[in-house]
There are 2 protein chains.
Amino acid sequence: MKKAGTKVSVAVIRRLPRYYRKLSELRQRGVVRISSGALAKDMGLTASQIRQDLFCFGGFGQQGYGYNVEKLREEIGDILGINRGNTAVILGVGNLGHALMQNFKFGNNGFSVTAAFDVDDSLVGTKIGSVQVYHVDELEEYLQTYRVDVGVLTVPRAFAAEMAQKLADGGVKGIWNFANVELKLDKPDVIVENVHFSDSLLALSYMIGEPIYEEERENENE
Amino acid sequence: MKKAGTKVSVAVIRRLPRYYRKLSELRQRGVVRISSGALAKDMGLTASQIRQDLFCFGGFGQQGYGYNVEKLREEIGDILGINRGNTAVILGVGNLGHALMQNFKFGNNGFSVTAAFDVDDSLVGTKIGSVQVYHVDELEEYLQTYRVDVGVLTVPRAFAAEMAQKLADGGVKGIWNFANVELKLDKPDVIVENVHFSDSLLALSYMIGEPIYEEERENENE
DNA sequence: CTGTTTTTGTGAAAAAACTAACAATTAAAA
DNA sequence: TTTTAATTGTTAGTTTTTTCACAAAAACAG
């Protein structure tokens, strides 16, 4: 659909999951079709932007009709790689790793978690849900044996760099990094996606202290 | 420092916490001064961008010298509101809320957590660390009694909207939203900061499937 | 003390992102 | 069936963001 070699901007890519989420919600509510205008209003964007974004990947709509919710959702899901059968392993079954394994719906996002790793011997050998916990020492061999697309890094920050390197050496394509450090890898083909809680909270901290942000919001709602 | 009424772009604000984090790290390593060029190289940005970003708030550097790490860190911290004595309450002491309370360093980001709320009677009355857990029914009164700047929303998605409304009605300035829903509030002066795990994972999913992103990364590292 | 190098602050240029506009097409109404 | 209204794909224009370029200031070397 998209011209080969064409680069889609990061800004667009960051909006795709939001579209997917909104379309999933619409589908669940039984909505069959939606126009870019209605979607825009619902999401606080402009209709133009939505059409432009989708245009990057080819037209999924129909003039005079709009977009079929089910079909558009499928298309965006495909673009995002939801049907690619991605696999992930969890590094660090502490509080956060545990919470992710128990609460986060990896399956809804096209990932299956195939293993977890920790150094704590009281965890090794147990199962979280249906996922086996291995000792970190077994990581290397595991990565050589099974295809793992993404490593989820939920270890304490002190161990993050070392674990990230092991994941990269083991051939993962991406690292979902929850450790509060900027990872530097020698493998440039490994994508690092950071989830920095503190960055998020500090941005919020700034915004609640700046009256100008309130004004902006008011205009937005017209 | 910044001209009153001037709006700083969101892109800049999102970089400030990264600067703060990097400067904290440099300070800890005993680095006293740094140039925009060195900082840029370390962070994968351009020197120009860093100077431009800081220029939004006034000049913190010195020509021919660079930036004093300690001083710049302080300044950015002030801009972000780290010394404003912000308070936060946790809504939902499930897996994630618990993990945040135990692992996340609110203090490092200028926040003190003053209370937590849940519906589970087996949790109500207990303490997580030094933080008391109250029943959600007591939220309204609590918000009327104490100043709460931010509500941390870690409830199941089904309850997110309702709880968000209570927080907004109670007068919080911001909501740190971990529930996987787009919140719609009738109070436009309440800032919502979303932490959407699934959006993040799906963006990563897209990028590991697109060879073009690898190329981009390679150029970045020159 | 003088000259050279470093480095910022800042305006201008370039690039990227977003919005507007509209012909082409479809759906719905008359 | 014909007309009217709705809506997309797509190009062009506008705005925002990023990068470039360089004078001014400071540090450093000799």
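Excluded from the calculations below are hydrogen atoms, water molecules and symmetry mates; all remaining heavy atoms, backbone and side chain alike, are included. Just so we're on the same page: letters track the sequence lines, and every chain starts at 1.
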Residue pairs, two or more places apart or on separate chains, that pass side chain to side chain donor-acceptor pair (under 3.5 Å) and touch residues 82-99 of chain B: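 For residues 82-99 of chain B, and leaving out neighbouring residues, the side chain to side chain donor-acceptor pair (under 3.5 Å) pairs sorted by first residue read Gln102(A)-Asn95(B), Asn103(A)-Asn95(B), Ser205(A)-Asn86(B), Asp78(B)-Asn83(B), Thr87(B)-Asp149(B).
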Pairwise side chain to side chain donor-acceptor pair (under 3.5 Å) hits with a residue in residues 54-68 of chain B, at least two apart: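 As it turns out, there is no side chain to side chain donor-acceptor pair (under 3.5 Å) pair with a partner in residues 54-68 of chain B once direct neighbours are skipped.
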Under-4.0 Å side-chain N/O to phosphate OP1/OP2 contact, Tyr67(B) with dG9(C):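 For Tyr67(B), the contact criterion (side-chain N or O under 4.0 Å from OP1 or OP2 of dG9(C)) is met.
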Distance below 4.0 Å between Arg51(B) side-chain N/O and dT8(C) OP1 or OP2: yes
Provide, to the nearest angstrom, the distance between the [atom1] atom belonging to [X] and the [atom2] atom belonging to [N].
| X | N | atom1 | atom2 | value |
| --- | --- | --- | --- | --- |
| Gln49(B) | dG9(C) | CD | P | 15 Å |
| Leu39(B) | dG9(C) | CG | P | 13 Å |
| Asp53(A) | dC18(C) | CG | P | 7 Å |
| Gln62(A) | dA24(C) | CD | P | 18 Å |
| Asn68(A) | dT26(C) | CG | C1' | 15 Å |
| Leu54(A) | dA17(C) | CG | C1' | 16 Å |

Distance-only donor-acceptor test (3.5 Å): side chain [X], base [N]:
| X | N | value |
| --- | --- | --- |
| Gln52(B) | dG11(C) | yes |
| Gln63(B) | dT8(C) | yes |
| Ser48(A) | dA20(C) | yes |

SB check Arg14(B) Asp199(A) (cutoff 4.0 Å):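 Not counted as a salt bridge, because no side-chain N and carboxylate O are separated by less than 4.0 Å.
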Note: Lys71(B)-Glu75(B) ion pair, threshold 4.0 Å (strictly below):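 No, no charged N to carboxylate O under 4.0 Å.
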Which residue lies more 5' along DNA chain C, comparing Tyr65(A) with Gly37(B) via nearest heavy atoms: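 The residue mapped nearer the 5' terminus is Gly37(B).
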Any side-chain donor near an acceptor of the partner, Glu182(B) and Asn177(B), under 3.5 Å: no
Flag for Ser198(A)-Tyr20(B): side-chain donor and acceptor within less than 3.5 Å: no
Ring centres under 6.0 angstrom apart (Phe106(A), Phe104(A)): yes
For the student: nearest non-hydrogen atoms of [X] and [Y], plus distance:
| X | Y | answer |
| --- | --- | --- |
| Val181(B) | His196(B) | O-CE1, 3.4 Å |
| Leu204(B) | Gly174(A) | CD1-CA, 4.2 Å |
| Met207(A) | Ile191(B) | CB-CG2, 4.1 Å |

5' to 3' contact window, DNA chain D with chain B (heavy-atom distance under 4.0 Å):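 The footprint of chain B covers dT17(D) to dC28(D).
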Review item, side-chain donor-acceptor pairs of residues 39-46 of chain B, under 3.5 Å, at least two apart:
unit_1   : atom_1 : unit_2   : atom_2 : d
Asp42(B) : OD2    : Lys22(B) : NZ     : 3.2
Thr46(B) : OG1    : Gln49(B) : N      : 3.1

Five-pair end axes of the helix from dC1(C)-dG30(D) to dA30(C)-dT1(D), angle between them (10°): 10°
Criterion salt bridge (charged side-chain N to carboxylate O under 4.0 Å, His left out) on Lys173(A) and Asp189(A), from CA distance to verdict: CA-CA 7 Å; Lys173(A) 299 187 191 119; Asp189(A) 53 324; over 6 Å; no
Nucleic acid contacts - residues 20-36 of chain A versus DNA chain D, non-hydrogen atoms under 4.0 Å: Ser35(A), Ser36(A)
